[in-house]
Number of protein chains: 2
Amino acid sequence: MNEVEKFLEDQKVRPTAMRILIYKYMAQKKIAVALTDIENAFTKSDRTTLYRTLKTFEENGIVHQIDDGTGISKYALCENGCNCEIEQDLHLHFHCSNCNETVCLTEHKIPHINLPEGYLAEDVNLVVKGICEKCSGQ
Amino acid sequence: MNEVEKFLEDQKVRPTAMRILIYKYMAQKKIAVALTDIENAFTKSDRTTLYRTLKTFEENGIVHQIDDGTGISKYALCENGCNCEIEQDLHLHFHCSNCNETVCLTEHKIPHINLPEGYLAEDVNLVVKGICEKCSGQ
DNA sequence: CAATAAATGCACTTCCATTGCACTAATTAT
DNA sequence: ATAATTAGTGCAATGGAAGTGCATTTATTG
């Protein structure tokens with residue numbers, strides 16, 4: 001049994017052929033992917049399957065969903081220690097308005113936000129839009 | 001000529017009856033509103049009109065659009081000196097997962113974000129999700 | 001008052017997210 | 001091992017919101 005299979009099982013996700021492929025696909029991509037991207041990569045499989053695979057992955061802490069402001073949900077693998085649940089560990093996302101790609105800047109943690117009296121934070125989403133390093137020509 | 005009319009003209013927006021009503025509606029609401037909210041408040045008017053009114057308001061610095069992560073665009077009046085264009089002046093938004101309302105925390109500016117080499121920031125969106133003061137019972 | 005421009009209303013389209021249901025594959029119990 | 005049960009997949013369809021084209025009405029300007 002290979003590594004991916006073992007990992008999925010550890011996350012309580014049954015390692016079906018499709019799930020393994022999707023996982024590998026996302027691991028090889030460095031950027032966040034949309035359902036449509038996966039759909040285009042696996043034309044043999046149905047959109048629903050891919051959709052539900054992502055949801056399953058999300059529920060089991062394998063990927064996190066990203067709202068990058070484009071209106072299209074993106075997904076990225078959680079890094080080890082991603083802990084997308086715990087507020088303190090949230091990283092920010094960058095969306096390039098030129099190439100339209102979204103990346104996790106995992107090393108950039110979101111600073112603590114002070115809220116007015118009575119407000120309780122459960123989740124923070126921080127998206128920076130601009131030009132990525134690839135497109136800025138550096 | 002009343003105040004609202006004058007204000008709209010100052011912003012280069014012709015103060016039609018509908019626009020004045022929408023403006024007043026948004027001013028009276030303390031929270032960000034969705035197109036659907038306005039639609040429900042003005043059933044006599046057409047959705048397209050309301051939609052385009054918001055776009056017109058947005059283009060002329062009267063409202064700013066808010067992506068609070070619900071997938072539904074919200075709009076809120078710009079405060080005087082809102083300057084939603086200038087990155088430094090951006091405030092954060094709070095979305096209550098209980099009452100589903102979104103508010104501008106205009107006094108809370110978004111801290112400066114350090115990006116990796118080569119990344120250029122043009123826009124920042126920071127949304128905190130949690131329980132608002134009304135719902136937390138304070 | 002006529003000509004022009006802006007605003008409005010209606011119908012329609014598109015796009016993505018999501019669900020219901022049938023079918024197949026895999027797992028567990030007998 | 002085989003039947004019973006559960007999980008996964010595929011197809012079809014729905015829903016919700018954003019956006020567009022065009023005809024009509026209203027306002028502005030010459």
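Chain identifiers are assigned alphabetically (A, B, ...) following the order of the sequence lines, protein sequences preceding nucleic acid strands; residue numbering begins at 1 within each chain.
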Margin query: Using side-chain heavy atoms (C-beta onward) and a distance below 4.5 Å, is B:Ile22 in contact with B:Phe57?
Written below: yes
Item checked: Side chains of B:Ile66 and B:Cys104 in contact at under 4.5 Å (non-hydrogen atoms) -> yes
Length of the line joining [X]:[atom1] and [N]:[atom2], which is rounded to integer Å:
{"X": "A:Lys44", "N": "D:dG8", "atom1": "NZ", "atom2": "P", "answer": "23 Å"}
{"X": "B:Gln65", "N": "D:dA17", "atom1": "CD", "atom2": "P", "answer": "14 Å"}
{"X": "A:Ile22", "N": "D:dG10", "atom1": "CD1", "atom2": "C1'", "answer": "14 Å"}

Next item on the list: By nearest nucleotide on DNA chain D, pick out whichever of B:Thr36 and B:Arg14 is the more 5' one.
Entry: B:Thr36
Presence of [X] side-chain N/O under 4.0 Å of [N] phosphate oxygens OP1/OP2:
{"X": "B:Ser45", "N": "C:dT8", "result": "no"}
{"X": "A:Thr53", "N": "D:dG8", "result": "no"}
{"X": "A:Arg19", "N": "D:dG8", "result": "yes"}
{"X": "A:Tyr51", "N": "C:dA17", "result": "no"}
{"X": "B:Thr49", "N": "C:dA7", "result": "no"}
{"X": "A:Thr16", "N": "D:dT9", "result": "yes"}

Note to self: Both A:Lys55 and B:Thr48 contact DNA chain C. Which one's nearest nucleotide lies toward the 5' end?
What the structure shows: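 Result of the comparison: B:Thr48.
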Note to self: Distance criterion of 3.5 Å, no angle test: do you see the side chain of B:Arg47 paired donor-to-acceptor with the base of D:dA17?
What the structure shows: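 Side chain to base: no pair present.
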Next item on the list: Assess the pair B:His93 and B:His95: is the distance between their ring centroids shorter than 6.0 Å?
Entry: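 No.
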Return yes if some donor-acceptor pair links the side-chain N/O of [X] with the main-chain N/O of [Y] below 3.5 Å, else return no.
{"X": "A:Ser97", "Y": "A:Gly130", "answer": "yes"}
{"X": "A:Lys134", "Y": "A:Ile131", "answer": "no"}
{"X": "A:His64", "Y": "A:Glu58", "answer": "no"}

Next item on the list: Tell me what B:Thr56 touches on the nucleic acid: a base, only sugar-phosphate, or nothing, going by heavy atoms under 4.0 Å.
Entry: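 Since no nucleic acid heavy atom lies under 4.0 Å of B:Thr56, the category is nothing.
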Item checked: Difference in axis direction between the ends of the helix from C:dC1-D:dG30 to C:dT30-D:dA1, five pairs, 10° -> 20°
Notebook entry, point to check: Which nucleotide, C:dG20, C:dA17, D:dA18, lies nearest any side-chain atom of A:Arg52?
Noted result: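 Minimum distance to the A:Arg52 side chain belongs to C:dG20.
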Item checked: salt_bridge(A:Lys129, B:Glu122) N-O dist < 4.0 Å ->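 Result for this pair is no, no salt bridge flagged.
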